[in-house]
Amino acid sequence: MNGLTVNEVTKSFGATRALSGVSFTVQPGEIIALLGPSGCGKSTLLALIAGLDAPDRGEITWEGQPLAHIPPHKRGFGLMFQDFALFPHLNVQDNIAFGLRTGGMPAEDIHRRVIEVLQIVGLPSFARRDVNTLSGGEQQRVALARSLAPHPRLLMLDEPLGSLDRSLRERLVGDLGGILRHTQQTAIYVTHDQEEAFALADRILVMNAGQIVQAGTPQEIYHSPATPFVARFLELTNVFDGEVKIDRDGAILISPLGEFPLSTSVSPGAVHALLRPDQARLDGSGACKIHGSVAEVSFRGNWQRLTVMVGQTSLTFDFPSSVALPGRGQAITLSLDPEQAIQLFSQQSS
Ligand code: ATP
């Protein structure tokens with residue numbers, strides 16, 4: 001068995017169940033994102049894998065070998081936190097060399113490895129720089145170089161970009177993904193930001209309340225969220241209740257937004273429904289129409305977000321900026337094809 005296996009891991013702190021029967025694998029070279037809201041158990045899971053704490057139940061193995069009795073420093077795993085704290089009294093190369101020295105690497109190998117990792121993170125001329133003079137992005141790269149230097153079998157990154165401003169974060173997430181892929185670094189990347197997870201991960205594990213609620217590629221998760229929680233977490237917020245009825249003409253979704261014909265493969269009964277924000281059109285084509293009034297149009301650069309009130313329900317839709325939208329307070333008619341635009345969840349899923 002290759003890579004990391006987490007099998008039915010459970011962990012409580014007093015009355016708080018932080019993790020409940022969590023199972024997944026990480027294959028060599030794979031980048032996994034753990035994505036979920038604050039308090040869902042992401043950091044607890046990393047601490048158990050790192051060996052900083054022990055599960056109450058379940059098992060964690062590396063290449064089939066149980067890790068339970070292996071202390072953190074013998075696991076060969078690296079950790080990089082949001083607050084990655086470079087040593088302020090050491091320059092860049094000594095920051096990177098620190099862990100290698102304590103690990104007993106010969107001096108000339110250390111020198112070679114420091115040069116190599118600085119090259120990898122794109123800071124080849126920074127070896128002698130005072131870390132106090134680095135920009136936020138440069139500090140983050142040095143911290144990454146320090147984490148990569150000992151060749152960790154698994155690198156765990158806990159919100160490593162969390163303290164940086166949004167534009168820097170967007171730029172660095174691409175660089176970081178490139179570096180991890182280039183070095184074929186097996187990695188677990190913890191974040192509550194779905195865009196970071198989408199940009200970086202081969203596979204995303206969406207967590208909620210101590211459980212993995214969906215696992216899949218970024219495309220699978222985005223196009224087919226498993227529950228209304230996952231949909232809302234991905235900012236697919238047009239979730240509403242409805243009822244599927246089957247009549248002579250086929251299945252129909254009856255909802256506060258109107259009635260939508262559906263494919264016949266659905267079962268009758270109460271459902272939650274997701275209306276995808278990128279599937280509405282203004283051209284009058286499509287099998288269904290939604291009538292409402294514009295509550296807001298928010299410009300986002302090359303796209304814009306339209307908020308529409310349909311009765312008491314607020315819906316958001318995304319359009320390219322080139323599309324001319326009616327102004328606030330004006331009536332609007334949106335067309336859609338239910339087959340592409342509507343996804344149903346059973347009433348039991350939350
Ligand atoms: P964040 O994104 O805010 O860091 P998280 O998803 O990493 O959150 P955890 O830090 O793993 O979440 O916490 C999961 C739950 O376990 C929370 O309810 C938290 O309060 C609780 N918890 C974590 N560590 C401890 C502890 N040492 N003692 C008591 N409760 C804890």
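In each ligand, atom 1 is the first atom listed, and ligand 1 is the first ligand listed. Both backbone and side-chain heavy atoms feed into the values below; hydrogens, waters and symmetry mates do not.
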Using distance alone, decide if ligand 1 has a nitrogen or oxygen within less than 3.5 Å of any nitrogen or oxygen in Thr16.
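Not met; the criterion fails.
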
When only distance counts, is Cys40 in polar contact with ligand 1, meaning an N/O pair under 3.5 Å?
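Yes; the residue has a nitrogen or oxygen that sits under 3.5 Å from a nitrogen or oxygen of the ligand.
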
For the residue pair Phe229 and Phe233, categorise the inter-ring angle as parallel (less than 30°), tilted (30 to 60°) or perpendicular (more than 60°).
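Parallel, since the angle between the ring planes stays under 30°.
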
I need the nearest protein heavy-atom contact for [atom]: residue, atom name and distance, please.
{"atom": "atom 3 (O) of ligand 1", "value": "Ser38 OG, 2.5 Å"}
{"atom": "atom 15 (C) of ligand 1", "value": "Gly39 O, 3.7 Å"}
{"atom": "atom 16 (O) of ligand 1", "value": "Ala18 CB, 3.5 Å"}
{"atom": "atom 29 (C) of ligand 1", "value": "Phe13 CB, 3.3 Å"}
{"atom": "atom 2 (O) of ligand 1", "value": "Lys42 NZ, 2.9 Å"}

Against heavy atoms of Pro37, which atoms of ligand 1 measure under 4.0 Å?
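Numbered from 1, ligand 1 contributes 6 (O).
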
Show me which atoms of ligand 1 lie under 4.0 Å from any heavy atom of Ser43.
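Listed by number with element, the hits are 4 (O), 5 (P), 7 (O), 10 (O), 11 (O).
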
How about Arg300: does its CZ atom have over 12 heavy atoms from other parts shown lying under 6.0 Å from it?
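Buried by this count: over 12 neighbours within 6.0 Å.
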
Please state which part of Thr44 comes within less than 4.0 Å of ligand 1, counting heavy atoms only: side chain, backbone, both or neither.
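The answer is both, backbone and side chain.
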
Is the shortest heavy-atom distance from the side chain of Leu236 to the side chain of Arg276 under 4.5 Å?
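Touching, per the 4.5 Å side-chain cut-off.
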
